[in-house]
Amino acid sequence: MHTINQNVASLLRSVSAALLIKKESRFRIVAYDKAADAIEQMAQDIKALWKEGKLDDVPGVGESIRAHLDEYFKTGKVKHFEHTFKGIPAATFTLMHVPGIGPIRAYKLATTFHLENPKTAVRDLKKVAEEGKIAELESFGSKSQTLIMESLDRFIASEQSPSRMLMPYAAELADRVIAHLKKHKSVGTCDVLGSLRRGVPTIGDIDIACIVPEDQIAAVIKHFTEFPGLLKVDNAGGKKASIILPPRIRVDLRLESDNGYGAMLQYFTGSKAHNIKLREYAIGKGYSLSEWGIKKVEDRGPLAKGDEHKIMRFNTEEAFYGFLKMKVPPPELREGTNEIELALKDNLPNLIKLTDIKGDLHVHSDYDLKPSHDRGAHTFQEMSDRARALKYEYIGFSEHNPKQSGHTASQIVDIMKRRQEYIHKHVKGLPYFIGLEVDILPSGEIALPEKAIDYVDYLIVSVHSSFTQSKEQMTKRVKTALLYPKVRIFGHPTGRLLMKREGIDLNWDVIFDICKKRDIALEVNSSADRLDLPDTLVREGLKNGLRFAIDTDSHALEHMDTMKYGVSVARRGWCEKKDIVNALPLASLKKWIHAV
DNA sequence: GCCGTTTTCGGCCCGACTGTTTTCAGTCG
């Protein structure tokens, strides 16, 4: 994600908070939040978009916010915002990020205790809390004070280590929670919902729903809050509960009886943006939606006792969406772009499935060709056998290129030649292709003598060094590399490492253009910490008519089972079977590989 | 402040939980 987008989103959220503190119209407040959400989730760099005069394309950014952003990018500040912030201590905007403290309480705490410095505000407030002063404040009490102290501690700890998790690890944790829930005899079907069901690459919290008979809900919530090793029960009411698990991951549980489960699935899968858009659409049709079902608009708001029949209940998502006369959008598409419109027209894409995948074109064996980076742990034959077990029709071997230092060009050619001979002689069974993952050097040259290209079927080119070049340099560098013969795949194109390293900055229009012309596939790398190309850019690429290779980049047999994560990224990028080269049958794939 | 296949004006998603209150505000998802 672009840091600039984060900064702008955070600025807009501060404006929203300031408006809330000043008791402005709640619709203005929401408008700033919506714009912030949209900017945070965009694939493109917001400043680049501004330079092109395309800020109007961002949903939620209208005339007013566009003018403010214009001023922001030109001068670094916005007069109107500064006026809005007037009288609000800067520490307010720090404190409101502590869970349990919102803008209003943050403002009250900051002004009452004269907390000025945003950098020390959290620790300053903790001192105040320890002195017992918060409990004396109006509308606060001793319980609020305790809660705030605990929350501050967790916040301080979380500043040192992030609390988000990579999707596969979160999935594992979710499975453990479900196993615990199922130990209770009243728990029926359980589903992992929220961002995990939508396949989001990093997970902030885990959402689980279960079918439980009405009269057993309290008992199951109690059982949930007894999950071994939990850090804290965050809240537990009569309808839902939350716990915090190490390392500070929140798990939300919702329980519903069989006949209302469909509405609960829909609500709890989200995203927030999808649900808001769906509810807005429904209002236009005279219906009000919630996790409990669908009401007529005139019955909006809490129902009186005895009026429960006024809410229609749905046991499946198909029935719920069906009532609104639309198809069920696959969870991966529920991000509030245009999936509702297409679901209404029965025009949703038929997304790629794991079972459509016919091969893996990026795997590293243990064959020693003196590589520039790490070798794999298993032989060509072992990897080929695994591919066959996965019901693939072919496999592509792609060790790293031989390292250039210590080898002359002709030695490298020789190494490559021997590798080809070795594979032809020893690998039996599944049809294979001989590939190679080659470094794109800072200059844009590839780390392989041209003559060595004769000994491969295809090349994957990837950036593995000098990540901090300027956007122009980086674009030129990658473009140069993509023009070499036999380049078929651009490997992990942004080079990002989730929660560790930002992706490289590229002019994607230029890259998409050259890939389109040469029919080069962009890789969707399935490694848990890459998931690269990111889903938003997959969708952009798709709009430009590109195709993709979903690869595991395996360095060991068990990595070959991670294809599902890449598939999930491709689905979030709206890819169908026809958009994925390694969903092609052998003959068509061969044609594509040998096209350049 | 944004937005439009009902609209350029008049709407704007919905509900649960908690604490401090005695009917609701704040926060969260």
Side-chain angles (χ1 to χ4, degrees), chain A residues 12 15-17 19-21 23-38 56 58-69 80 84 95-109 134-148 151 193-195 204-207 209 217 221 233-242 250-256 263-264 266-295 297 299-303 311 336 340-341 344-345:
Chain A
L12 295 179
V15 175
S16 161
L19 294 172
L20 179 68
I21 290 162
K23 301 196 192 315
E24 289 275 350
S25 143
R26 63 196 176 98
F27 298 113
R28 265 183 85 197
I29 296 166
V30 169
Y32 275 96
D33 280 328
K34 273 192 179 176
D37 287 347
D56 278 339
V58 184
V61 174
E63 202 179 319
S64 169
I65 293 181
R66 174 165 48 88
H68 293 323
L69 291 186
H80 178 254
T84 308
L95 293 178
M96 72 183 207
H97 290 116
V98 178
I101 303 180
I104 290 169
R105 301 180 105 189
Y107 174 67
K108 183 149 190 182
L109 292 166
I134 290 180
E136 296 161 14
L137 274 184
E138 196 194 340
S139 85
F140 288 76
S142 64
K143 285 200 171 174
S144 295
Q145 180 169 273
T146 314
L147 219 81
I148 286 173
S151 197
L193 304 175
S195 49
D205 49 35
I206 292 170
D207 301 310
I217 287 179
I221 284 185
V233 177
D234 208 36
N235 65 53
K239 305 201 177 232
K240 63 178 191 180
S242 307
R250 182 190 163 96
V251 184
D252 291 333
L253 177 71
R254 302 289 299 238
L255 305 172
E256 176 55 304
M264 187 58 79
Q266 193 289 319
Y267 155 76
F268 215 18
T269 298
S271 65
K272 186 178 159 204
H274 173 81
N275 284 356
I276 289 177
K277 285 202 169 178
L278 190 66
R279 288 167 183 189
E280 282 172 351
Y281 168 77
I283 282 180
K285 296 290 169 191
Y287 297 106
S288 169
L289 316 181
S290 77
E291 60 264 54
W292 309 110
I294 301 182
K295 291 184 288 195
V297 154
D299 298 326
R300 247 200 279 189
L303 291 175
I311 185 156
I340 291 171
E341 201 186 315
L344 282 164
K345 290 194 247 173

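Small disclaimer: the values here were computed from a predicted structure and weren't measured. In what follows, chains are A, B, ... by sequence order, proteins preceding strands, each numbered from 1.
- For A:K239, there are no side-chain hydrogen bond (donor to acceptor under 3.5 Å, both in side chains) partners two or more places apart in sequence or in a different chain.
- Applying the side-chain hydrogen bond (donor to acceptor under 3.5 Å, both in side chains) test to pairs two or more places apart or on separate chains, those with a residue in residues 23-34 of chain A are A:S16-A:D33, A:E24-A:R28, A:K34-A:E280.
- Here A:A236 lies in heavy-atom contact (under 4.0 Å) with sugar-phosphate atoms only.
- Remark: A:H97 engages no residue in a side-chain hydrogen bond (donor to acceptor under 3.5 Å, both in side chains) (not counting sequence neighbours).
- Taking every side-chain heavy atom of A:F27 into account, B:dC12 is the closest of B:dC12, B:dC13, B:dG15.
- Taken to the nearest 0.5 Å, the CE atom of A:M264 stands 5.5 Å off from the CD atom of A:E291.
- The two atoms that bring A:S242 and A:R250 nearest to each other are OG-NH2, 3.1 Å, heavy atoms only.
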Which pairs, protein N/O on one side and nucleotides 4-6 of chain B N/O on the other, fall under 3.5 Å?
none

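- Across A:D207 and A:G194, no two heavy atoms sit closer than the pair OD2-CA, 3.3 Å.
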(Q) At under 4.0 Å between heavy atoms, how does the protein contact nucleotides 20-29 of chain B? Give one character per nucleotide, 5' to 3', with B, S or -. (A) SS----SSSB
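- Neither OP1 nor OP2 of B:dC14 sits under 4.0 Å from any side-chain N or O of A:S290.
- Within the nucleic acid shown, A:K345 has no heavy atom closer than 4.0 Å to any nucleic acid atom.
- Nucleic acid contact for A:S242: none, since no nucleic acid atom lies under 4.0 Å from a heavy atom of the residue.
- For A:S25 and B:dG1, the shortest distance from a side-chain N or O to OP1 or OP2 is not below 4.0 Å.
- Residue contacts shown for A:V30 are absent, as no nucleic acid heavy atom lies under 4.0 Å away.
- Among the atoms of the strands shown, none is found under 4.0 Å from any heavy atom of A:I29.
- A:R26 comes within 4.0 angstrom of no nucleic acid atom, judged by non-hydrogen atoms across all strands.
- Applying the side-chain hydrogen bond (donor to acceptor under 3.5 Å, both in side chains) criterion to A:E256, with sequence neighbours excluded, gives A:R313.
- Using modelled atom types, one side-chain atom of A:N275 and one backbone atom of A:Y267 make a donor-acceptor pair closer than 3.5 Å.
- Within 4.0 Å of A:H80, counting heavy atoms only, lie sugar-phosphate atoms of the nucleic acid but no base atom.
- Between the C1' atoms of B:dG26 and B:dT20, the separation comes to 11 Å (whole Å).
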